[in-house]
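Notes to accompany the following structure.
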Number of protein chains: 2
Amino acid sequence: MRIMPSSTSDRSRRRVGRPRARPAQNELPPDQAILDAARKLFRSRGFAATSTRQIAEAAGLRQPSLFHHFSSKTAILQAIVDLAVAPELAFIDSESRRGLEPDVALYRYARFVYTNLATNPNVIGSPLQFPETDAGDFKAFWRAYERIYSTLKSHIAAGVAAGLFDPVDVDVAAEQTFALLEAPLGRPQRSARRATPAARQAAVLVLKGLLKEPRRLPGIQAAADAD
Amino acid sequence: MRIMPSSTSDRSRRRVGRPRARPAQNELPPDQAILDAARKLFRSRGFAATSTRQIAEAAGLRQPSLFHHFSSKTAILQAIVDLAVAPELAFIDSESRRGLEPDVALYRYARFVYTNLATNPNVIGSPLQFPETDAGDFKAFWRAYERIYSTLKSHIAAGVAAGLFDPVDVDVAAEQTFALLEAPLGRPQRSARRATPAARQAAVLVLKGLLKEPRRLPGIQAAADAD
DNA sequence: CTCTATTTCTATCAGCTGATAGAAAATAGT
DNA sequence: ACTATTTTCTATCAGCTGATAGAAATAGAG
């Protein structure tokens with residue numbers, strides 16, 4: 001994939017290059033405007049059903065101009081999905097250095113992932129239902145996704161092994177828990193304001209569903225909030 | 001939408017009409033073969049990314065011949081999604097005449113819906129992520145979907161009102177529970193053999209997560225199985 | 001054997017798709 | 001003032017899309 005110019009955060013100055021046919025009402029750098037437009041369209045119509053002309057119009061330029069910023073339509077999708085998983089990867093990295101108990105770790109994980117899926121504009125749907133991410137360009141994304149998913153599985157497995165959770169089938173429980181956390185997908189993006197209590201409720205549902213002794217939940221919540 | 005010939009269940013007899021260019025190795029009636037092929041392609045590649053030529057090839061005939069059985073590509077999708085929700089509608093109808101307690105009703109609902117989504121080949125993905133179902137032809141489908149969803153919501157609301165469940169936000173709980181039950185989507189279709197214990201585990205997770213007194217679960221399961 | 005109905009075929013179409021080529025129009029550096 | 005660089009434009013393309021028109025090839029009824 002070719003190297004593309006990076007967005008300069010320089011704003012309000014008249015930009016280099018030929019002016020647009022219809023001047024931008026949006027002061028975002030062009031590549032950001034394109035990602036912004038593409039996100040919304042991919043989310044509402046899907047990738048395959050969105051044309052580059054639709055993206056260009058929403059971004060305020062002509063269709064061939066897209067290809068000055070992204071080498072292909074697929075490259076736009078790739079940029080978006082990479083941004084979608086980035087916060088979760090960072091979270092997992094920072095959590096791994098904490099050494100939390102499985103129940104507390106799972107509570108924090110559930111709350112964070114749900115919130116990211118509800119509020120991160122780059123989240124455009126379940127990757128499992130984006131078949132166009134098969135291509136080789138998405139290997140890094142899939143590695144990230146796999147890491148996020150296996151982190152959930154290991155939290156559940158650790159909780160079961162420690163006797164904190166019911167002796168469930170770990171693979172099935174991870175699948176179902178992850179699906180629950182993906183509830184915000186398909187729904188319109190939420191404000192952080194509304195997402196927070198819903199994320200807490202999701203984490204509670206998951207923990208209560210798995211815990212051998214649900215009375216321990218308040219203690220887990222306290223430990224999760226303590227920092 | 002035009003009226004299309006219905007599938008005769010007459011088999012093994014040589015069929016009326018011009019023979020195929022490449023004779024069928026599949027003894028299904030043509031419309032069933034088309035639906036069969038389309039289901040698999042829609043599930044793996046999505047609707048927009050699947051061409052009528054791909055469907056035709058998989059079904060064993062030429063692309064224009066599809067339109068003798070279905071008036072449009074969209075009509076194929078419509079037939080599939082209608083078949084996807086039919087079992088759930090029938091279940092809801094039969095359950096409504098039972099007058100079960102909210103907790104038992106929710107357990108049975110969760111188990112059934114999960115199983116249908118895991119085993120019904122007509123389930124090709126979350127309708128929320130099939131933007132092409134916006135069109136007017138899908139009104140009946142969306143009415144059905146709405147009914148299925150609101151049934152879940154009323155089970156949860158009734159349980160909360162009766163003091164059986166925690167005082168959760170009903171809308172949020174319904175959203176999250178429904179997402180959990182949609183876990184089988186995106187994953188390859190499961191055999192009934194494997195789906196049954198997973199469905200039970202999903203129902204347990206939901207009930208334990210909501211119940212004020214999780215110890216009541218075995219009693220609920222017994223009542224749900226009694227018939 | 002002829003007529004009709006049915007099913008599938010071949011041939012074809014207009015419209016849209018993602019992408020390329022190369023000119024045009026601006027700024028920045030000297 | 002000139003040149004280089006950047007960004008966007010217009011013009012265009014080959015390929016695929018869903019769909020239509022009309023001929024061809026079968027079975028069945030009389």
Side-chain angles (χ1 to χ4, degrees), chain A residues 1-8 10-24 26 28-34 38 41-42 45-57 59-78 132 135 137, chain B residues 1-8 10-24 26 28-34 38 41-42 45-57 59-78 132 135 137:
Chain A
M1 208 151 277
R2 271 187 277 144
I3 294 164
M4 294 283 126
S6 62
S7 81
T8 61
D10 175 22
R11 56 179 142 191
S12 83
R13 285 285 315 270
R14 192 127 169 52
R15 266 191 273 269
V16 184
R18 178 170 176 171
R20 299 206 174 158
R22 290 182 308 168
N26 190 340
L28 285 174
D31 54 347
Q32 291 301 318
I34 291 167
L41 288 163
F42 290 168
R45 278 174 254 273
F47 176 75
T50 299
S51 74
T52 53
R53 268 161 253 264
Q54 289 176 290
I55 298 171
E57 191 183 22
L61 32 69
R62 297 286 152 92
Q63 181 253 354
S65 303
L66 293 182
F67 297 95
H68 186 260
H69 301 276
F70 297 91
S71 64
S72 67
K73 185 189 176 190
T74 304
I76 300 178
L77 177 62
Q78 202 188 344
E132 26 276 322
D137 291 332
Chain B
M1 207 151 276
R2 271 186 279 145
I3 294 164
M4 293 283 128
S6 60
S7 81
T8 59
D10 174 21
R11 57 180 143 190
S12 82
R13 285 287 313 269
R14 191 124 170 55
R15 268 191 273 270
V16 183
R18 178 171 174 169
R20 299 206 174 157
R22 290 182 311 168
N26 190 341
L28 286 174
D31 55 346
Q32 291 302 318
I34 291 167
L41 288 163
F42 291 167
R45 277 175 254 274
F47 176 76
T50 299
S51 74
T52 53
R53 269 161 253 263
Q54 289 175 290
I55 298 171
E57 190 183 24
L61 32 68
R62 297 288 153 91
Q63 182 254 354
S65 302
L66 293 182
F67 298 95
H68 186 259
H69 300 277
F70 297 91
S71 63
S72 67
K73 186 190 175 190
T74 304
I76 300 177
L77 177 61
Q78 202 187 347
E132 25 277 321
D137 292 334

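Note: hydrogens, waters and symmetry copies are ignored here, and every other heavy atom, side chains too, is used. So that the names make sense, note that chain A is the first sequence line, chain B the second, and so on, each numbered from 1.
Looking at every heavy atom in both residues, B/F42 comes nearest to B/I76 through CE1-CG2, 4.3 Å.
For the atom pair A/T52 OG1 and A/L41 CG, the distance stands at 11.0 Å (nearest 0.5 Å).
A/R62 has its CZ atom 16 Å from the C1' atom of C/dA23, to the nearest Å. Residue B/L61 contributes atom CG, which lies 16 Å from atom C1' of D/dA25 at whole-angstrom precision. Taking atom CZ on A/F67 and atom P on D/dT6, their separation rounds to 21 Å, with Å as the unit. One interatomic measurement links the two molecules: NE2 of A/H68 to P of C/dA24, which rounds to 18 Å at whole-angstrom precision. In this structure, B/R15 places its CZ atom 13 Å from C1' of D/dT26, rounding to the nearest Å. Put simply, NZ on B/K73 is 15 Å from P on D/dT20, counting in whole angstrom units. Look at CG on B/L66: it is 13 Å from P on D/dT17, rounded to the nearest Å. Between B/R20 atom CZ and C/dT10 atom P there is a gap of 13 Å when expressed in whole angstrom units.
The residue among A/V16 and A/Q63 whose nearest nucleotide of DNA chain C is located toward the 5' end is A/Q63. Two residues, B/A21 and B/G17, neighbour DNA chain C, and the one matched to the more 5' nucleotide by heavy-atom proximity is B/G17.
At the heavy-atom level, B/P64 lies under 4.0 Å from base atoms of the strands shown. When heavy atoms are screened at a 4.0 angstrom cut-off, B/S51 is found touching the sugar-phosphate backbone but no base atom.
At the phosphate of C/dC9, OP1 or OP2 sits under 4.0 Å from a side-chain N or O atom of B/S65.
B/Q78 places a side-chain N or O within 3.5 Å of a backbone atom of B/D137 that can act as its donor or acceptor partner.
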